[in-house]
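In what follows, every chain begins at residue 1, and chains take the letters A, B, ... in the order their sequences are listed.
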Amino acid sequence: MAKPPKNAISPTREEDYPEWYQQVIKAAELAENSPDVRGCMVIRPWGYAIWENMQRVLDRMFKDTGHVNAYFPLFIPLSFIEREAAHVEGFAKECAVVTHHRLEPGPDGKLIPAGPLEEPYIVRPTSETIIGASYARWVQSYRDLPILINQWANVVRWEMRTRLFLRTAEFLWQEGHTAHATRDEAIHETRQMLDVYADFAENYMAMPVIKGEKTEGERFPGAVQTYAIEAMMQDRKALQAGTSHFLGQNFSRVQEIKFQDQNGQEEYCWTTSWGVSTRLVGGLIMTHSDDDGLIIPPRLAPKHVVILPIYRSDEERSQVIPYCESLKRELEAQSFSDGKVEVMLDDRDLRGGEKAWQHIKKGVPLRAEVGPKDIAKNAVFLGRRDTGQKQGIGRDEFVATVSSLLTEMQDGLFRRAKSLRDDNTRDIDNLDEFKAYFTPQDAERPEIHGGFANCYFVETPEVDELLKKLKVTIRCVPVGQEEAAGTCVFTGQPTTQRGVFAKAY
RNA sequence: CGGGGCGUGGCGCAGUCUGGCUAGCGCACCUGCUUUGGGAGCAGGGGGUCGCAGGUUCGAAUCCUGUCGCCCCGACCA
């Protein structure tokens with residue numbers, strides 16, 4: 001009857017990490033590839049609930065830093081995108097274009113597009129240009145500044161190869177767009193939002209990140225500076241989890257976003273943009289989950305506790321269910337993080353084992369099994385998702401400590417993720433070591449290897465070529481590093497620039 | 001865009017080379033009984049016309065032609 005101990009997810013992370021990732025998403029019912037629309041995903045209720053929690057927390061953080069929400073059109077006139085040269089270069093190859101506004105029956109009875117548009121629209125891949133057009137109309141005087149607006153939206157980028165949450169043709173995100181009177185103020189805004197993202201990643205997602213600046217080659221098309229937070233996944237690859245761009249006056253010049261300053265001088269605004277997307281859900285999955293499926297940090301979990309009633313007869317049921325319901329109410333009266341403890345009572349007609357496994361795979365932090373034996377002792381049998389630990393605990397003690405237990409789990413997940421990153425980060429100062437670090441033992445079936453490498457470097461075409469060959473990228477130059485002189489690992493040239501290198505998603 | 005592969009119940013597949021009874025199997029699903037504290041067992045049951053179109057044939061999932069879609073590798077991917 002008892003099955004041999006087995007992991008819920010197959011393959012394991014060690015066996016095949018990319019496939020494991022797919023299977024975790026499937027087993028946790030987070031999302032699926034749309035069978036009808038190429039490259040797009042269906043986000044299922046459990047996955048969407050995680051995104052909603054992310055939204056709720058971030059939205060409050062944005063408002064606490066003075067931002068307001070607004071909404072701009074899904075479509076952008078083709079000519080808007082053309083205005084900023086680097087911007088065109090970056091996005092032209094992956095745009096969905098709307099050319100008609102009507103369907104008519106064709107000769108074979110099938111519908112064909114009709115009513116061609118005078119100027120085609122593109123579906124926004126990002127909204128700098130369409131939002132900038134509004135800003136140009138709204139701003140006249142320095143008194144109109146700053147504009148601090150965020151938009152929650154979907155965007156479309158016609159990607160060749162997609163992966164659930166990490167890169168999909170359509171995805172959900174927020175994009176902040178701000179306009180300022182001075183360069184310093186805009187730079188401050190850019191850095192402030194980078195800090196907000198890092199705060200969110202570390203304190204809510206329990207995902208340690210490195211804040212850094214992107215090199216020229218990795219910059220947002222049209223930006224003067226791009227900052228990002230970079231996280232390490234369990235396969236030791238890097239994930240860019242959020243970006244904050246200082247756009248200088250590049251966009252304001254081509255869009256005529258200008259104002260009169262105190263001296264009556266006409267000036268162009270300094271603008272910024274910043275965003276995080278549903279990719280964060282992918283980051284959350286790959287940071288914490290194990291070979292039994294998803295693990296959700298409690299502060300973002302849609303449900304913190306699932307109560308699993310156990311009974312054999314109607315008679316037992318009539319005893320167990322009321323006990324569970326009152327336990328649920330008591331737990332829900334407890335506060336956790338910035339809300340209450342979220343509890344679900346799972347009274348579905350399924351076998352106990354199967355039911356328990358479903359919640360394990362979905363990453364619910366705590367499972368409380370309650371049967372007649374527990375009730376006799378006024379206790380529950382508690383399982384922790386993060387450590388796998390299970391033990392009986394008195395009901396009153398459980399209720400009294402649930403909040404601190406969740407906090408302990410949240411902190412533990414962060415520490416575990418940080419150890420993984422720290423253990424797989426090293427300073428490298430010679431090229432042979434660099435190559436060895438990033439070269440798999442078995443090229444046919446690459447194993448988990450490498451990690452983050454901190455190296456002095458200069459950016460040259462030859463260096464880019466070598467990195468490309470190794471499939472390694474410069475993730476960022478961390479902010480707040482103390483300046484020191486070193487030697488470029490690749491060219492031997494003296495430099496003070498020190499960056500984080502890694503394979504990346 | 002170049003190379004390779006695949007379309008058969010919800011999912012995963014066999015059958016195709018060598019056309020032939022009513023198109024099978026596993027999982028999932030439904031019902032009943034026995035079970036139930038880490039993924040249950042037995043019995044019964046529902047569901048597919050074989051991607052699509054045309055052709056060859058007494059007969060096509062199977063052969064031929066065309067077409068559509070998807071996947072993998074490469075290229076590409078702020």
Under 3.5 Å, is there a donor-acceptor pair between the side chain of A:Glu230 and the main chain of A:Gly212? no
Would one find a side-chain N or O of A:Arg161 under 4.0 angstrom from OP1 or OP2 of B:C73? yes
If I pick the C1' atom on B:C13 and the same atom on B:A61, what distance separates them, to the nearest angstrom? 14 Å
If we take the C1' atom in both B:G47 and B:C29, what is their distance in whole Å? 9 Å
By a strict heavy-atom criterion of less than 4.0 Å, which residues belonging to residues 369-385 of chain A are in contact with RNA chain B? A:Glu369, A:Gly371, A:Pro372, A:Lys373, A:Asp374, A:Phe381
Note, A:Asp374 side chain near A:Tyr323 side chain (heavy atom, < 4.5 Å): no
Distance between C1' atoms of B:C50 and B:G15 (Å, rounded): 10 Å
Separation between the C1' atoms of B:G20 and B:A60, rounded to whole Å: 10 Å
Start at the 5' end of RNA chain B and walk down; is the nucleotide closest to A:Ile360 or to A:Gly217 reached first? A:Ile360
By salt bridge (Lys or Arg N to Asp or Glu O under 4.0 Å), A:Glu218 pairs with (sequence neighbours left out) none
Measuring only the P atom in each nucleotide, how far is B:G2 from B:U22? A whole number of Å is fine. 44 Å
Applying salt bridge (Lys or Arg N to Asp or Glu O under 4.0 Å), can you list everything that pairs with A:Glu189, at least two apart in sequence or on another chain? none
Whether over 12 other heavy atoms sit under 6.0 Å from A:His100 NE2: yes
I'd like to know if A:Asp235 and A:Arg13 make a salt bridge, using a cut-off of under 4.0 Å between side-chain N and carboxylate O. no
Proximity to the side chain of A:Lys468 - top-ranked nucleotide from B:C76, B:C73, B:G39: B:C76
Side chain of A:Arg167 only, heavy atoms from C-beta on: which candidate in B:C76, B:C77, B:G39 is closest? B:C77
Could you give the distance separating B:C42 and B:U36 at their C1' atoms, to the nearest angstrom? 16 Å
Interatomic distance where CG belongs to A:Leu350 and C1' belongs to B:U35 [whole Å]: 14 Å
List for me each residue that meets salt bridge (Lys or Arg N to Asp or Glu O under 4.0 Å) alongside A:Arg163, sequence neighbours excluded, and say none if there are none. none
What residues form a salt bridge (Lys or Arg N to Asp or Glu O under 4.0 Å) with A:Arg183, not counting sequence neighbours? none
Using heavy atoms and a sub-4.0 Å distance, could you list which residues of residues 303-314 of chain A are near RNA chain B? By number, please. A:Ile310, A:Arg312
Less than 6.0 angstrom separating the ring centers of A:His87 and A:Phe220, yes or no? yes
The answer to which of A:Glu94 and A:Lys390 contacts RNA chain B further toward the 5' end, by nearest nucleotide, is A:Lys390
For A:Lys26 and B:G10, give me the distance from atom NZ to atom P, rounded to whole Å. 15 Å
Rounded distance in Å between the C1' positions of B:G51 and B:C58: 27 Å
